[in-house]
> 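The structure's right below; bear with me while I get my questions together.
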Amino acid sequence: MLGFLTTLTTGVHFLALLYIGLGGFLAWFWPKSIFIHIFFALWGVAVNVLPLACPLTEFEDYLRGLRGLEPLPGGFNAYYIYDTLFPRDALPVVGVGALMLVLFSYLGAYVRWRARTVPESSGTRTMAR
């Protein structure tokens, strides 16, 4: 059961990382979700920039400890992502790319929100007679 919980925690962690990178696009269709995503995005930046522990990593390490295993060497990202999904040397490029992706998703969410809230009679359209 502990192995299953550890694997489940790892899966949830990967989903959280995907949501941090791509969740802003959800706001294109569900605008209020942007507030949840802003929290996740800020948390993701804070955990990677500041000396804050990620609760998912802490929980996975706790479960690993119950199984007699050592904590993840270097943390979740270092263990599962760096040099596995992309080379560690590419981290600055990947980080900038992820930030640009989030900003693009926010820009798109804003454009779609603005298009929904601007009334048609606001002078943006002209009627041909």
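Computed from a predicted model, the values in this text were never measured in an experiment.
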> Calculate, to the nearest 0.5 Å, the distance between atoms CD1 and CD1 belonging to Ile34 and Ile38 respectively.
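Answer rounded to 0.5 Å: 5.0 Å.
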> Is it possible for you to say whether Leu85 and Tyr19 belong to one hydrophobic cluster, with membership spreading through side-chain heavy-atom contacts below 4.5 Å?
yes
> Name the orientation class of the two ring planes belonging to Tyr110 and Trp113 (parallel below 30°, tilted from 30 to 60°, perpendicular beyond 60°).
tilted
> Please name the pair of heavy atoms, one in Leu52 and one in Ala46, separated by the smallest distance, quoted to 0.1 Å.
CD1-CB, 3.9 Å
> Can you find a heavy atom in the side chain of Thr84 that is under 4.5 Å from one in the side chain of Tyr80?
no
> Do you know the tightest heavy-atom contact between Phe25 and Ser105?
N-CB, 3.6 Å
> Hydrophobic cluster membership, with links at side-chain heavy-atom distances under 4.5 Å among I/L/V/M/F/W/Y: are Tyr106 and Phe35 in one?
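Linked, Tyr106 and Phe35 end up in one cluster.
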> Does the ring center of Phe76 lie less than 6.0 Å from the ring center of Phe14?
yes
> Kindly compute the distance separating CG (Leu8) from CZ (Phe59), expressed to the nearest 0.5 Å.
8.5 Å
> Given the rule that I, L, V, M, F, W and Y join up when any side-chain heavy atoms are under 4.5 Å apart, are Leu91 and Val96 in one cluster?
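Different clusters.
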> Looking at every non-hydrogen atom in both residues, tell me the closest pair between Asp61 and Pro71 and how far apart they are.
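Heavy atoms only, the tightest pair is OD1-CA, 3.4 Å.
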> May I ask you to check whether Glu60 and Tyr79 show a side-chain donor-acceptor distance below 3.5 Å?
no
> Tell me, yes or no, whether the heavy-atom count around Arg67 atom CZ, taken from other residues, nucleotides or ligands under 6.0 Å, exceeds 12.
yes
> Is it the case that atom OH in Tyr62 sees more than 12 heavy atoms from other parts of the structure closer than 6.0 Å?
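No.
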> How far apart are the closest heavy atoms of Leu56 and Ala16, and which atoms are they?
CD1-CB, 4.1 Å
> What is the distance from atom CG of Leu72 to atom OG1 of Thr6, rounded to the nearest 0.5 Å?
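So the gap between those two atoms works out to 9.5 Å.
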> Would the distance check show the side chain of Arg88 and the main-chain N or O of Tyr82 forming a donor-acceptor pair, the cut-off being under 3.5 Å?
no
> Between His37 and Ile20 (side chain of the first, backbone of the second, donor and acceptor by atom type, cut-off under 3.5 Å), is there such a pair?
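Yes.
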> So if you build clusters from Ile, Leu, Val, Met, Phe, Trp, Tyr with side-chain heavy-atom gaps below 4.5 Å, do Val102 and Phe104 land together?
no
> Walk me through whether Trp28 and Val111 qualify under side chain to side chain contact (heavy atoms under 4.5 Å, CB included).
CA-CA 9 Å; Trp28 290 23; Val111 168; over 6 Å; no
> Counting only N and O atoms by type, is there a donor-acceptor contact under 3.5 Å from the side chain of Arg64 to the main-chain atoms of Leu69?
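Looks like no, no N/O pair under 3.5 Å.
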> Specify the closest pair of heavy atoms between Gly24 and Ala109, including all atoms of both residues, with the distance to one decimal.
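The pair with the smallest heavy-atom distance is O-CB, 4.4 Å.
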> Can you tell me how far CE of Met1 sits from CG of Leu63, rounded to the nearest 0.5 angstrom?
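Going from the CG atom of Leu63 to the CE atom of Met1 covers 10.5 Å.
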> Verify the cluster assignment for Phe39 and Ile36: are they in a single hydrophobic cluster under the rule of side-chain heavy atoms below 4.5 Å apart?
yes
> Using 0.5 Å steps for rounding, measure from the CG atom of Leu22 to the CG atom of Leu17.
10.5 Å
> Minimum heavy-atom separation for Pro73 to Ala78, with atom names?
O-CB, 4.1 Å
> Between Phe40 and Trp43, does the ring centre distance come in under 6.0 Å?
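Not close enough - the centres of the two rings lie 6.0 Å or further apart.
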